[in-house]
Amino acid sequence: MGIRMTQFMGLTDRARKLVKGEPVLAFTDYIVRVYPDGRVMQLPPHTTHVSSVKSEPSGEIVHGMNDDEFPLTKYAFPDGRIYYEREQHEEWSSGPVIFLALQDERGNWIEESLWAEEGIRACV
């Protein structure tokens, strides 16, 4: 007998790439190291980048079996677009197999984020 469990497939690779955004400079660290003997060493600057797409919990949850909960994410783009993770499809294979895609604020699916039928079949 197999194990029954939720299989959370999440977003497609294309959708993850879409919401990854572009790197934006967050800050630069300038470090000066002072040793006990008085030597001073300036380390090279270190920059830290963040994504141009801001993500935060949307407040929505997809439920699996055995009280599994998968919080969904809201993505805000620099141009003002807002996308939401939503359940595109759920299949059963020894438990629910959950596929996510992106929707805009009006509930329209973002075409490039959708799972293709072949991709879904390959996972179940």
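Within the model, atoms CD1 of Ile82 and CG of Asp79 stand 9.0 Å from one another, a figure rounded to the nearest 0.5 Å. Considering CD of Gln103 and CG of Leu114, their distance stands at 9.0 Å, rounded to 0.5 Å. Here the straight-line distance linking atom CE of Met41 with atom CD1 of Ile31 works out to 12.0 Å at 0.5 Å rounding. To the nearest 0.5 angstrom, Met65 atom CE is 6.0 Å from Thr6 atom OG1. Note: Leu11 CG to Gln88 CD = 10.0 Å, rounded to the nearest 0.5 Å.
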Run the side-chain contact (heavy atoms from CB on, under 4.5 Å) check on Leu43 and Val32 step by step: do they pass? CA-CA 6 Å; Leu43 297 176; Val32 176; over 6 Å; no
Can you list the steps and then say if Trp92 with Gln7 is a side-chain contact (heavy atoms from CB on, under 4.5 Å)? CA-CA 9 Å; Trp92 187 268; Gln7 297 175 65; over 6 Å; no
Stepwise, does the side-chain contact (heavy atoms from CB on, under 4.5 Å) test hold for Thr73 with Ser55? CA-CA 7 Å; Thr73 302; Ser55 63; 3.7 Å; yes
Is there a side-chain contact (heavy atoms from CB on, under 4.5 Å) between Phe70 and His63? Walk through the geometry before answering. CA-CA 6 Å; Phe70 301 93; His63 292 87; over 6 Å; no
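Using a 4.5 Å heavy-atom cutoff, the side chains of Glu90 and Phe99 are not in contact. Between Thr47 and His49, the closest side-chain pair of non-hydrogen atoms falls below 4.5 Å. Glu91 is not listed as a side-chain neighbour of Pro96, based on a closest heavy-atom distance of 4.5 Å or more. In this structure the side chain of Ser113 never reaches within 4.5 angstrom of the side chain of Tyr83, judged on heavy atoms. Under the 4.5 Å side-chain criterion, counting only non-hydrogen atoms from C-beta, Leu100 is not in contact with Met9. Contact of the Phe77 side chain with the Val19 side chain is registered, since non-hydrogen atoms from C-beta on lie closer than 4.5 Å. Looking only at side-chain heavy atoms (C-beta outward), Tyr30 and His46 stay at 4.5 Å or farther from each other. Counting heavy atoms from C-beta on, the side chains of Cys123 and Trp115 come closer than 4.5 Å.
Criterion: ILVMFWY side-chain heavy atoms under 4.5 Å apart, direct or through other members. Under it, Ile110 and Leu72 are part of a common hydrophobic cluster.
A donor atom on one side chain and an acceptor atom on the other are not found under 3.5 Å apart for Tyr75 and Glu56. A donor and an acceptor atom, one from each side chain of His89 and Glu87, are nowhere located under 3.5 Å apart.
With sequence neighbours left out, Arg14 forms a salt bridge (Lys or Arg N to Asp or Glu O under 4.0 Å) with no residue at all. Residues forming a salt bridge (Lys or Arg N to Asp or Glu O under 4.0 Å) with Asp67 (at least two apart in sequence, or on another chain): none. By the salt bridge (Lys or Arg N to Asp or Glu O under 4.0 Å) test, Asp29 is found to be paired with no residue, residues two or more places apart in sequence or in another chain being considered.
For the residue pair Asp104 and Arg106, the shortest heavy atom distance occurs at OD1-N, 2.9 Å. Nearest heavy-atom pair, Pro45 versus Thr28, reported as atom, atom and distance to 0.1 Å: CB-CG2, 3.9 Å. Glu112 and Thr12 make their closest contact through O-OG1, 4.4 Å (heavy atoms, listed as atom of the first residue, atom of the second, distance). Minimum heavy-atom separation, Glu69 to Pro71: O-CD, 3.7 Å.
Other residues, nucleotides and ligands contribute over 12 non-hydrogen atoms within 6.0 Å of the CD atom of Gln42. More than 12 heavy atoms of other residues, nucleotides or ligands lie within 6.0 Å of NZ in Lys54, so this atom counts as buried by the packing criterion.
Using a cut-off of 4.0 Å between Lys/Arg side-chain N and Asp/Glu carboxylate O, Lys74 and Glu60 are scored as not salt-bridged.
A donor-acceptor contact shorter than 3.5 Å is absent between the side chain of Asn66 and the backbone of Asp68.
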